[in-house]
There are 2 protein chains.
Amino acid sequence: MPDHTRPPDKRVTIYDVALEAAVSPSTVSRAFSRPSRVNSETAERIRQVAERLGYRTNPLARALTTARTHMIALVIADITNPVYAEIVRGAQETAIGDGYTTVLIDAQESDRVERAAIERTMSTVDGIVLASSRMSDSAIRMFAKQRPVVVLNRAIADVPCVVTDNPRGTRRAAEHLGELGHDHITYVAGPEASWPNGIRWRSLLEAGMELEIKVRQIGPYSPTIEGGERAAEELSARPATAVLAFNDQMAIGLIRGLTRRGVDVPGDVSIVGFDNILAADLVTPGLTTVAAPFYAAGSAAARHLLTMIEGAPGHTGRPMVLPVRLVVRHSTAARNLSPGRVRPPWVRQRPATQPAAPLP
Amino acid sequence: MPDHTRPPDKRVTIYDVALEAAVSPSTVSRAFSRPSRVNSETAERIRQVAERLGYRTNPLARALTTARTHMIALVIADITNPVYAEIVRGAQETAIGDGYTTVLIDAQESDRVERAAIERTMSTVDGIVLASSRMSDSAIRMFAKQRPVVVLNRAIADVPCVVTDNPRGTRRAAEHLGELGHDHITYVAGPEASWPNGIRWRSLLEAGMELEIKVRQIGPYSPTIEGGERAAEELSARPATAVLAFNDQMAIGLIRGLTRRGVDVPGDVSIVGFDNILAADLVTPGLTTVAAPFYAAGSAAARHLLTMIEGAPGHTGRPMVLPVRLVVRHSTAARNLSPGRVRPPWVRQRPATQPAAPLP
DNA sequence: CAATACATGGCAACCCGTTGCCGTGACGCC
DNA sequence: GGCGTCACGGCAACGGGTTGCCATGTATTG
């Protein structure tokens with residue numbers, strides 16, 4: 001009796017199947033990639049033989065001729081930041097739904113690491129989602145010329161983009177602080193290479209004008225809890241009563257750093273963050289923050305990328321903007337001006353200011 | 001003047017370079033893959049021509065003959081869980097160091113999703129790290145027969161494994177609670193398919209025997225904050241004074257759930273978690289927990305996988321065990337038995353027990 | 001100076017599918 | 001009966017590198 005088992009290291013190819021099914025390799029190939037092109041009975045027979053032999057089509061060999069690997073790259077700035085978990089879930093799920101595999105790349109907040117990783121990966125993927133890229137616009141455009149690219153959390157001309165409504169989120173935060181009587185807001189900046197960082201600051205400037213709230217900026221700091229703690233140090237030297245932080249991690253670092261210094265949040269300082277990460281609800285006091293639909297953002301970016309890969313022209317007009325909302329917790333409160341209260345050293349350094357006029 | 005620019009959609013191949021450098025394609029190939037095999041001057045010339053033409057070797061075509069894609073898959077149970085961020089960083093960094101790209105797969109705590117993803121990916125990667133796999137031992141062994149596999153956070157015979165010292169961690173937690181006077185410990189279980197879940201419970205049983213502490217188990221619950229909050233419900237019905245939770249997320253959920261019900265942590269109940277995620281230090285009270293070196297674990301797993309890929313036999317003897325340590329914060333305290341104190345309804349349901357004898 | 005070893009580069013087969021094109025036979029239609 | 005269509009399957013040429021083997025020329029050795 002002949003040994004029908006093949007050595008385990010040898011992969012089964014269409015040629016093996018063809019031999020066994022007594023057809024040509026091309027017919028086997030078509031039976032899988034273009035079933036309509038082959039007689040349904042033949043196809044069925046081939047499929048059964050393939051099954052019996054344990055044949056799996058080799059995606060690499062296929063990719064060589066079709067120039068489709070059915071993989072997309074998802075580059076994120078920092079896997080340590082929980083917002084990316086949502087983005088990854090969203091992107092991965094829609095990719096899988098279309099039969100695509102996601103290659104995740106953590107750029108570790110480094111423009112260099114990011115470029116290198118993309119260069120290594122680019123030729124093996126059909127397209128790229130850049131979530132919070134730290135690269136320059138021109139570098140991104142260069143990649144976009146070679147492969148379909150969708151940019152997330154950033155707007156670049158001529159490249160399809162998905163962003164959250166930063167201006168509106170910032171505006172809402174400013175309004176909220178204004179309503180609580182704050183007439184100064186300090187923006188604690190994140191990475192300079194971060195696009196949302198820039199737009200949040202500019203939006204705050206604008207909102208400050210309209211709402212008659214003074215704004216200033218300190219930073220940049222690393223967009224981490226530690227960065228926030230650093231910022232708390234500087235804030236001791238240049239006190240504030242209302243702070244808008246680049247993101248929740250920094251906001252949490254601020255709360256910790258200030259609290260450790262004896263500053264009461266929100267009694268002495270109100271703090272607002274961005275992103276509404278899970279931990280925002282865990283800290284004491286709970287963090288008021290601008291929430292955005294990151295799962296949807298990841299999903300939308302992937303969806304768009306996939307349609308581009310399928311041949312649709314990239315929608316490079318206005319970026320797709322996702323709505324945000326302000327989640328009010330307990331890190332923000334009315335500015336404390338009650339005369340009986342002993343002013344903490346915190347605000348004693350500055351001349352007292354008038355309570356802001358109630359907003360229209 | 002002839003047009004030397006090539007159409008942008010046409011990729012530059014070794015044939016183009018060969019033509020331009022007046023050598024054969026095989027020499028170009030060797031200039032890159034086996035430089036010692038070709039005259040250094042020729043190699044240099046080829047490299048310059050390649051540079052000028054913008055040639056990049058196509059990894060897919062290379063993989064077709066070498067059967068090496070220089071990609072490894074890293075499968076994690078839940079990207080939402082921050083411990084995996086560390087693991088990913090560790091694995092990715094050592095992979096990159098060796099010129100490998102990491103394909104990350106989020107199994108979403110689902111054995112089905114995990115299998116499907118691996119099946120789709122297996123043939124395009126050189127090896128797989130399974131971090132906290134939820135699949136059966138036999139399924140894992142099946143994959144291990146087809147590709148190098150290293151398992152993380154789990155021990156399986158005949159497959160190389162990297163684990164943290166769960167028995168020791170559990171033991172330290174039990175000792176700590178014992179020293180605080182607790183003579184009962186409730187284990188709040190995580191997913192049944194989770195290997196650490198099983199071993200932690202068994203280790204607790206053992207430690208309980210030796211330390212003369214009674215133990216019991218409730219659950220399983222989802223290994224998330226929400227799961228912990230669920231567990232808090234059940235804990236109301238069956239009170240405890242000391243709890244060991246499967247992981248930090250559950251422990252945090254417990255703290256929140258219990259606190260909301262008016263139970264004081266650690267006054268009424270001491271809580272210990274596992275993993276020492278960042279949030280453990282953020283909640284109030286700070287969470288006492290068993291810390292493990294996840295970055296190192298990810299790195300070690302990748303390192304081991306890479307040596308296997310390079311042809312070394314997988315070290316399938318004893319699993320590699322990484323040390324752990326107990327991080328004591330404020331979620332654990334001496335069991336409160338002071339006579340003057342009004343017992344909360346919490347412990348009133350049970351007969352008072354003797355304070356545990358001081359441990360040797 | 002002959003004999004041998006070595007460095008270098010080319011030829012051609014191979015990896016595993018995909019696809020344009022052609023041949024064959026069955027069928028329908030005038 | 002002659003002819004055009006169509007379904008089906010095979011041939012062979014890719015895609016872009018890799019590699020075993022051989023040919024050539026040069027350096028080494030006795």
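In this text the structure is predicted, and so the values were computed from the model without any measurement. Both backbone and side-chain heavy atoms feed into the values below; hydrogens, waters and symmetry mates do not. Residue numbering restarts at 1 for every chain, and letters A, B, ... go by the order of the sequence lines.
Residues passing the salt bridge (Lys or Arg N to Asp or Glu O under 4.0 Å) test with B:Glu86, sequence neighbours excluded: none. Residues passing the ring pair (Phe, Tyr, Trp, His ring centres under 6.0 Å) test with A:Tyr55, sequence neighbours excluded: A:Phe32. Partners of A:Gln146 according to the side-chain contact (heavy atoms from CB on, under 4.5 Å) rule, which considers only residues two or more places apart in sequence or in another chain, are A:Met122, A:Met142. Residues forming a salt bridge (Lys or Arg N to Asp or Glu O under 4.0 Å) with A:Asp98 (at least two apart in sequence, or on another chain): A:Arg303. With sequence neighbours excluded, the residues that form a side-chain contact (heavy atoms from CB on, under 4.5 Å) with A:Arg56 are A:Arg11, B:Glu119. In terms of the side-chain contact (heavy atoms from CB on, under 4.5 Å) criterion, residue partners of A:Ser33 (sequence neighbours excluded) are, by chain and number, A:Ser29. In this view, B:Ala21 and B:Val23, B:Arg45, B:Ile46, B:Val49 satisfy the side-chain contact (heavy atoms from CB on, under 4.5 Å) rule, not counting sequence neighbours.
A:Pro59 approaches A:Thr57 most closely through the heavy-atom pair CD-O, 3.1 Å. Here the closest heavy-atom approach between residue B:Asp126 and residue B:Ala67 is recorded as OD1-O, 4.0 Å.
You can see that DNA chain D meets the heavy atoms of chain A within a 4.0 Å-exclusive cut from D:dC8 to D:dG16, reading 5' to 3'.
Residue pairs meeting the salt bridge (Lys or Arg N to Asp or Glu O under 4.0 Å) criterion with at least one member in residues 62-78 of chain B, sequence neighbours excluded, are A:Arg89-B:Asp78.
For the segment residues 32-41 of chain B, residues with any heavy atom less than 4.0 angstrom from an atom of DNA chain C are, sorted by number, B:Arg37, B:Val38, B:Asn39.
Residues A:Ser24 and A:Thr27 bring a donor and an acceptor atom of their side chains to less than 3.5 Å of each other. With hydrogens and angles left out, the side-chain atoms of B:Gln108 and A:Gln92 include no donor and acceptor closer than 3.5 Å.
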>> For a quick check, with a 4.0 angstrom heavy-atom cut-off, what is the B/S/- contact string for nucleotides 11-17 of chain C, read 5' to 3'?
In response: BB--BBB
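At the heavy-atom level, B:Val23 lies under 4.0 Å from the strands shown only through sugar-phosphate atoms.
When the local axes at the two ends of the helix from C:dC1-D:dG30 to C:dC30-D:dG1 are compared, using 5 base pairs at each end, they differ in direction by 40° after rounding to 10°.
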